[in-house]
Amino acid sequence: MNRRLALAVLPLLLAVTACTSGTADDEPAPRPAAAERPSPFRDCATLSTAPTAATPGSGASTPASPGSGTTAPAAGKQTLPALTLSCFTGGAPVALGAVAGPAVINVWASWCPPCRKELPAFQRLSERAAGQLQVVGVNSRDSRSGAQSIGEDFGVRFPMLVDQGEALQRELRRNAIPLTLFVAADGQIRHVDATGALDDATLAALVRQHLGLAVPA
């Protein structure tokens with residue numbers, strides 16, 4: 001009886017052994033994680049360095065005086081809020097108040113149609129005004145993949161900060177985007193624009209009016 005039982009159990013033992021005796025070399029190699037696409041945006045390391053042409057006496061920090069066809073700044077002064085935001089490309093967080101002017105700061109999101117419409121104009125401004133002012137993006141309440149795709153599709157290359165909690169908008173008491181800040185070399189916000197999608201000519205006019213810089217449209 002015992003002999004018969006042993007003969008009946010033996011095939012089962014051999015079957016179990018066949019399923020578990022493979023070595024690690026027999027197992028399929030784990031699939032490598034998909035490589036993260038490189039960011040289309042520049043890093044933020046130079047944001048605290050003033051544009052090369054923004055030197056004392058250049059007029060970059062002072063808008064044109066009344067009577068010259070432009071508007072003087074309001075009497076009240078406002079500086080960038082004391083916020084620290086992440087850079088889209090990683091690295092050290094950026095203190096918003098440390099961004100050296102003159103600067104044009106555009107708050108946008110990939111799900112905002114006017115934002116997408118005007119982003120190419122901001123990219124062209126960053127190219128035409130290189131050395132005169134900085135163009136900086138603030139991606140607000142957006143997905144990383146959405147912002148990444150827009151940057152790639154529209155050829156946006158200027159540095160990009162990330163503000164998922166809309167902290168900047170709350171500080172400015174603004175709840176709509178796109179939102180564009182014109183910041184002078186002395187750190188004062190000369191103008192906040194929330195009129196909708198800006199084109200090349202309008203951007204050039206606003207830069208001249210509020211920052212005193214002549215930029216080709």
Side-chain angles (χ1 to χ4, degrees), residues 41 44 47-48 60-63 70-88 93-126 129 133-151 154 156 158-213 215:
F41 311 116
C44 306
L47 289 183
S48 60
S61 63
T62 306
T70 59
T71 303
K77 292 184 177 181
Q78 182 181 17
T79 58
L80 288 169
L83 297 173
T84 299
L85 301 177
S86 300
C87 182
F88 193 94
V94 176
L96 197 59
V99 174
V104 174
I105 301 176
N106 179 243
V107 185
W108 69 285
S110 63
W111 43 263
C112 160
C115 301
R116 297 196 301 269
K117 183 177 180 180
E118 70 177 3
L119 273 173
F122 282 92
Q123 175 59 33
R124 290 188 290 269
L125 176 66
S126 73
L133 60 79
Q134 300 196 88
V135 175
V136 184
V138 176
N139 185 241
S140 178
R141 199 161 58 84
D142 204 356
S143 68
R144 182 176 180 87
S145 60
Q148 171 100 12
S149 295
I150 291 295
F154 288 51
V156 179
F158 48 82
M160 194 64 58
L161 302 176
V162 179
D163 183 12
Q164 297 292 30
E166 300 179 313
L168 177 55
Q169 290 164 256
R170 291 200 308 271
E171 289 287 340
L172 297 172
R173 298 182 181 179
R174 306 277 182 150
N175 58 10
I177 55 174
L179 198 64
T180 304
L181 284 61
F182 295 81
V183 183
D186 61 3
Q188 301 294 325
I189 299 175
R190 302 296 190 189
H191 177 63
V192 178
D193 191 276
T195 58
L198 302 175
D199 57 21
D200 295 82
T202 305
L203 265 177
L206 290 170
V207 166
R208 179 175 179 79
Q209 178 179 352
H210 299 290
L211 301 181
L213 293 172
V215 176

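Only a predicted model underlies this, so the values are computations on that prediction, with no experimental measurement involved. We use all heavy atoms of the structure for the numbers below, so side chains are in, but hydrogens, waters and symmetry mates are not.
Taking CG from Leu198 and CZ from Phe122, the interatomic distance works out to 5.0 Å, rounded to the nearest 0.5 Å. The line from CG of Leu211 to CZ of Arg190 is 8.0 Å long, rounded to the nearest 0.5 Å. If you take SG on Cys87 and CG on Asn139, they are separated by 11.5 Å, rounding to the nearest 0.5 Å. Taking CG from Leu119 and CZ from Phe158, the interatomic distance works out to 5.5 Å, rounded to the nearest 0.5 Å. Rounded to the nearest 0.5 angstrom, Leu125 CG and Asp200 CG are separated by 8.5 Å. Here CZ of Phe182 is found 6.5 Å from NE2 of His210. Values are rounded to the nearest 0.5 Å.
The two atoms that bring Gln78 and Gln188 nearest to each other are N-OE1, 3.2 Å, heavy atoms only. Cys112 and Pro178 get closest at one heavy-atom pair: SG-CD, 3.8 Å. Pairing each heavy atom of Arg174 with each of Ala194, the nearest pair is NH1-CB, 4.0 Å. The nearest pair of heavy atoms linking Phe154 to Pro120 is CD2-CG, 3.5 Å. Considering all non-hydrogen atoms of both residues, Ser140 and Val107 come closest at CB-CG1, 3.9 Å. Shortest non-hydrogen contact noted between Leu161 and Cys44 is CD2-SG, 3.8 Å.
Under the side chain to side chain donor-acceptor pair (under 3.5 Å) criterion, Asn106 pairs with Glu118, Thr180, not counting sequence neighbours. Residues satisfying the side chain to side chain donor-acceptor pair (under 3.5 Å) criterion with Ser126, sequence neighbours excluded, are absent altogether.
Not a single donor-acceptor pair under 3.5 Å links the side chain of Asp163 to the backbone N or O of Val138. Looking at Arg116, its side chain does come within 3.5 Å of a backbone N or O of Ser110 through a donor-acceptor pair. One N or O on the side chain of Arg170 and one on the backbone of Gly165 form a donor-acceptor pair closer than 3.5 Å. The main-chain N or O of Leu47 is found under 3.5 Å from a side-chain atom of Gln134 such that the two form a donor-acceptor pair. For Arg144 (side chain) and Phe88 (main-chain N/O), a donor-acceptor pair under 3.5 Å exists by modelled atom type.
With Asp193 as the fixed residue, the side-chain contact (heavy atoms from CB on, under 4.5 Å) test singles out one of Leu206, Leu181, Val104: Leu206.
In this structure, Ile177 and Trp111 have side chains that are in contact, with non-hydrogen atoms separated by less than 4.5 Å.
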